[in-house]
Student: 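Below you'll find the structure I mean.
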Amino acid sequence: MSHNTNTSIKSAPIAESGPWAAAGEHPNAVTNRFYTYECVQEIAAFIQRLVPAKPELAIICGSGLGGLADLIVDKTVIPYSEIPHFPRSTVVGHRSNLVFGTFNGLNVVCMQGRFHPYEGYTTAMCAFPVRVMHMLGARSLVVTCAAGGLNKDYSVGDIMLIKDHLNLPSFAGNNPLIGHNDERFGPRFPPVGHAYDRQYIMKMKEIAAKYNLQLREGVYCGLGGPCYETIAEINMLRLLGGDAVGMSTVHEVTLAAHCGFRTLGIALITNKCLSDYNSTYEAVHEDVIRISELKADELQQLIFDFVNVLKNNDLENQH
Ligand SMILES: O=P(O)(O)O[C@@H]1C[C@H](O)[C@@H](CO)O1
Ligand SMILES: Nc1nc2[nH]cnc2c(=O)[nH]1
């Protein structure tokens, strides 16, 4: 009897569209082989054959912010579909390319499109390109994302430097580091209290001041999505100390802290999180993309200038 039940589960029809169908795999067939050290080495070696230059900075582009990769010069663009074991971005506003080249004179690798848990990927799979970029040589990471503004003082279009995060899926046992820990990536019990580099934050504020831009600094709440928040959830996140809420970043930054990246996190506030039951406003992805694209130039300029800090090694405690 149980044998029959198992058989029917295994032979369940494969979804006709989506990344797994394209890869000829059923979502339930995901195994840890995607995340082994050897697998990351295989991917890094594949990339190094195409792009020998070592990137110093890794950049992850959030929703609607992939235009930054277009500013990279002497580019090599590798579609995710051509990289062994790489997932695909399936979300509007995310392209599916790993872009190499120089940005303001520094060798960079840029994820033009990221992966989110709501696309059906585990948090480990969403974040594992961080390890690839580290293995390629990058030691600084700039993570960007679109987010809803929980903080009532925030306005749409504000740029928030992430000083800390609430990794809410991790509260429910969904952390990208769950499972076998390969010490070659990092320690079993990594500290993440300083996952967002204080010096990077200070430097970014100095840069923004030159443009008379006031940046926000706050706590990003990472949720699984794909639903935007209910009003009760918005109220809860505020009580927990959240300033912005999104569906990415926290698993990436967790792996980044694990392998020793210095990370700058930037959230663009694309919509307000309203907690008035009489309001008819609801967040929609079209607004998220529209605001991201409107503010992209400003964000790109800040990151362009931040590269000077890295180039000039204008930092203490560089590890
Ligand atoms: O990839 P990010 O975190 O920038 O994208 C946010 C979260 C969802 O993917 C999407 C919702 O509109 O924007
Ligand atoms: N969870 C979540 N993600 C977002 N991404 C952009 N805006 C939002 C939002 O309001 N909530």
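In each ligand, atom 1 is the first atom listed, and ligand 1 is the first ligand listed.
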Student: Taking any residue with a non-hydrogen atom under 4.0 angstrom from an atom of ligand 1, which ones do you get?
Tutor: Gly62, Ser63, His94, Arg114, His116, Tyr118, Cys145, Ala146, Tyr228, Met247, Ser248, His285, Val288

Student: For a quick check: using heavy atoms under 4.0 Å, what are the residues in contact with ligand 2, sorted by chain and number?
Tutor: Ala146, Ala147, Gly148, Tyr228, Glu229, Val245, Gly246, Met247, Thr270, Asn271, Cys273, Val288

Student: I'd like to know if the side chain of Tyr220 and the backbone of Ser248 have a donor-acceptor N/O pair within less than 3.5 Å.
Tutor: yes

Student: So that I can tick it off, tell me whether Arg184 and Glu38 are bridged by a salt bridge, with the cut-off set at under 4.0 angstrom between side-chain N and carboxylate O.
Tutor: yes

Student: For Asp305 and Gln301, which I'm curious about, is there any donor-acceptor pair between the side chains at under 3.5 Å?
Tutor: yes

Student: Between the main-chain N or O of Val219 and the side-chain N or O of Asp164, is there a donor-acceptor pair closer than 3.5 Å?
Tutor: no

Student: Where the side chain of His285 meets the backbone of Val92, is there a donor-acceptor pair that is under 3.5 Å apart?
Tutor: yes

Student: Test: salt bridge (charged side-chain N to carboxylate O under 4.0 Å, His left out). Region: residues 210-224. Which pairs qualify, not counting sequence neighbours?
Tutor: Asp158-Arg216, Arg198-Glu217, Lys205-Glu217

Student: Using the side chain to side chain donor-acceptor pair (under 3.5 Å) rule, collect all pairs that involve residues 235-247, keeping only residues at least two apart or in two chains.
Tutor: Asn151-Asp243, Arg238-Ser275

Student: Any idea how Phe86 and Tyr80 line up, ring-wise: parallel (<30°), tilted (30 to 60°), or perpendicular (>60°)?
Tutor: tilted

Student: Treating Gln112 as the side-chain partner and Gly66 as the backbone partner, does any N or O pair qualify as donor plus acceptor under 3.5 Å?
Tutor: yes

